[in-house]
Amino acid sequence: MADEKKLPTRAQDFSGWYNELVVRAELADYAPVRGCMVIRPNGYGIWERMQRQLDDMFKETGHQNAYFPLLIPQSFLQKEAQHVEGFAPETAVVTHGGGKELDEPLVIRPTSETIIYSMFAKWVQSYRDLPLLINQWANVVRWEMRTRLFLRTLEFLWQEGHTAHATEAEAEDETRRMLGVYRDFMEGWMAMPVVTGRKSESEKFAGALRTYSCEAMMQDNKALQAGTSHNLGQNFARAFDLTFQTEAGELDFAWNTSWGVSTRMVGGLVMTHGDDNGLVTPPLLAPIEVVIVPIYRTDEDRERVIAAAMKIKESLGAWERRSPARLRIHVDAREGIKPGAKYYEWELRGIPLRMEIGPRDLDAGQAVLVRRDTREKRPYPLDTIGESIHELLSAIQDNLLETARARREANSVRGDVTYERFREIMDGDGAFVYAGWCGSGECEAKIKEETKATIRCLPDDEFRSAVAPTSCLRCGEKSVAEALWAKAY
RNA sequence: CGGGGUGUAGCGUAGCCCGGUAGCGCGCUUGCUUCGGGAGCAAGAGGUCGCCGGUUCAAAUCCGGCCACCCCGACCA
């Protein structure tokens, strides 16, 4: 009878587990339009914290926010050949406005390179106007065939950074710098370890010179592309006549970069840390860090326990006194729901720490704290509870990252792998496989066709194997690059 | 767009083959008893049976058309 209340387990049905968890934890809900989602307060609260942190990091690296329009003239998209080829099939197009057919259809932005660089062209004249470092928080629409909450929806929220530089080297530095910012954020705040590296030609952004990405391993051993950073070269500058006068007085095209992360990260968070009891949120991103569940029998006890809970919340969470170390605490004072039911609910929602407090605890001057990650439960003295909570939260944050990293390493395969073995792996549990690649798009395409696995990236130094693979995974020719292979979302 | 499937209360479903009062579980409301790991009892509220048409005295049920959604393929942050 309790089965209805339980989630499917990850081992049974990973994608069923994900779908139900997202809905039951009230992170998001299905919208009336196919492929669209409503992000509910629980999910939006996590996104808001992601935004706040990333926004600070963008500002620290010298970027400013701006906002460009949702609607883009269709002709803009067509100015960059690769770009239109990549995005045209998945655009939504507005053909009518005010009851009349428009002279030129308007595309709902699938990404904003075109409109942003067209504006940059107006603003940049001299090398003195560079670099121009802009970010925007926006929604974009891509008409995907198969959608899943957070991972792939027709409309999603993201940030897109767009910059213009005087030299190629500067643009490349910027591209790598922002990839590093993403990695810091994903590991430091999301506790989600990533492999960074360069995309192969077939996987790079439509219109880019080079694309770099952060690839995270989900608990089903599939890869999630969690963020991308593109060196656009002068491709868009040429398309939109984004020129500037150099110090030497010559006219040159600017060098652009663009980089983005989206609400997809919320899905990555779920699939990295969630367990069979529900979501597990890293403390730094949890809208509520500690939930207090008061326990009582009589009205008298109730009054006493709730008063104590409110006092704890106030002393640890009060704005004036503890900022910036104040804690985000919620007291679950709902009546008519037994404590056990509340435990399950807050576990499903992934709140990092639960405090149970009842008359027995108050008499003993203590409260019981339960970790969401390990479910470890023990009493702590009330007079130093603030310190205990801070320690536990930071232990949880660290443990989540370590656990995720250990899991990824345990499911990574390095060294010489035969193609036969590779196929077994991809047919079975999957893995991150680091293997040699001859560099041909043909081998890459064949492998994708035969195994569904793709090159997630050509990993950066620190992720490469100690001994470089010598031959291509499939054709056996000389390897020109070590590639990270996996099935992807 | 090709193949398969499903539409009945907020959610999950039974009933359809064989036409005749639309049922169950969860959730919701109210009251009482409960409350340290998903409470119990009692009384309630809630339905154009996806839509349109046909057959029939009578359609959730049979027939036709349409729509939507889900799963599997081709495409993807």
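Values below: all heavy atoms of this structure, side chains included; hydrogens, waters and symmetry mates excluded. No experiment lies behind these values; they were computed from the predicted model shown.
If you check every strand for non-hydrogen atoms under 4.0 Å, Arg148(A) touches nothing. Among the heavy atoms of the strands lying under 4.0 Å from Pro359(A) is at least one base atom, whether or not backbone atoms are also near. Arg334(A) comes within 4.0 angstrom of no nucleic acid atom, judged by non-hydrogen atoms across all strands. Among the heavy atoms of the strands lying under 4.0 Å from Lys377(A) is at least one base atom, whether or not backbone atoms are also near. Here Val368(A) lies in heavy-atom contact (under 4.0 Å) with a base.
On a pure distance criterion of 3.5 Å, a polar donor-acceptor pair joins the side chain of Glu347(A) and the base of G37(B).
Heavy atoms of other residues, nucleotides or ligands lying less than 6.0 angstrom from CH2 of Trp143(A) number 12 at most.
Checked against side chain to side chain contact (heavy atoms under 4.5 Å, CB included), Val305(A) has the following partners two or more places apart in sequence or in another chain: Pro294(A), Ile357(A), Pro359(A), Leu362(A).
G65(B) and C28(B) have their P atoms separated by 43 Å, given to the nearest Å. Spacing between U8(B) and C49(B) at atom C1', rounded to whole Å, works out to 4 Å.
Distances shorter than 4.0 Å separate some side-chain N or O of Lys338(A) from OP1 or OP2 on G36(B).
Pairs of residues two or more places apart, or lying in two chains, that qualify as salt bridge (charged side-chain N to carboxylate O under 4.0 Å, His left out) and include a residue from residues 34-52 of chain A are Glu26(A)-Arg40(A).
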Each nucleotide N or O in nucleotides 4-6 of chain B that has a protein N or O under 3.5 Å away: list the pair and distance.
none

All N/O pairs under 3.5 Å across the protein-nucleotides 7-12 of chain B interface:
none

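In this structure, CG of Asp299(A) is placed 12 Å from C1' of U34(B), rounded to the nearest angstrom. Here the P atom of nucleotide C35(B) and the NZ atom of Lys342(A) are 14 Å apart, to the nearest Å.
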Watson-Crick or G-U pairs under 3.5 Å in RNA chain B, rendered as dot-bracket with [ ] for crossing pairs and | for another strand: (((((((..((((......[..)))).((((((.....)))))).....(((((..]....))))))))))))....

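Taking the six-membered ring where tryptophan is involved, the planes of Tyr419(A) and Phe422(A) are essentially parallel, since the angle between them stays under 30° and well short of 60°.
A donor-acceptor pair under 3.5 Å is absent between the side-chain atoms of Arg354(A) and the main chain of Lys377(A), judged by distance alone. Side-chain atoms of Thr175(A) do not come within 3.5 Å of backbone N or O of Thr257(A) as any donor-acceptor pair.
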Annotated protein contacts, base or backbone, on nucleotides 68-77 of chain B with a non-hydrogen cut-off under 4.0 Å, one of B, S, - each: -S--SSBBBB

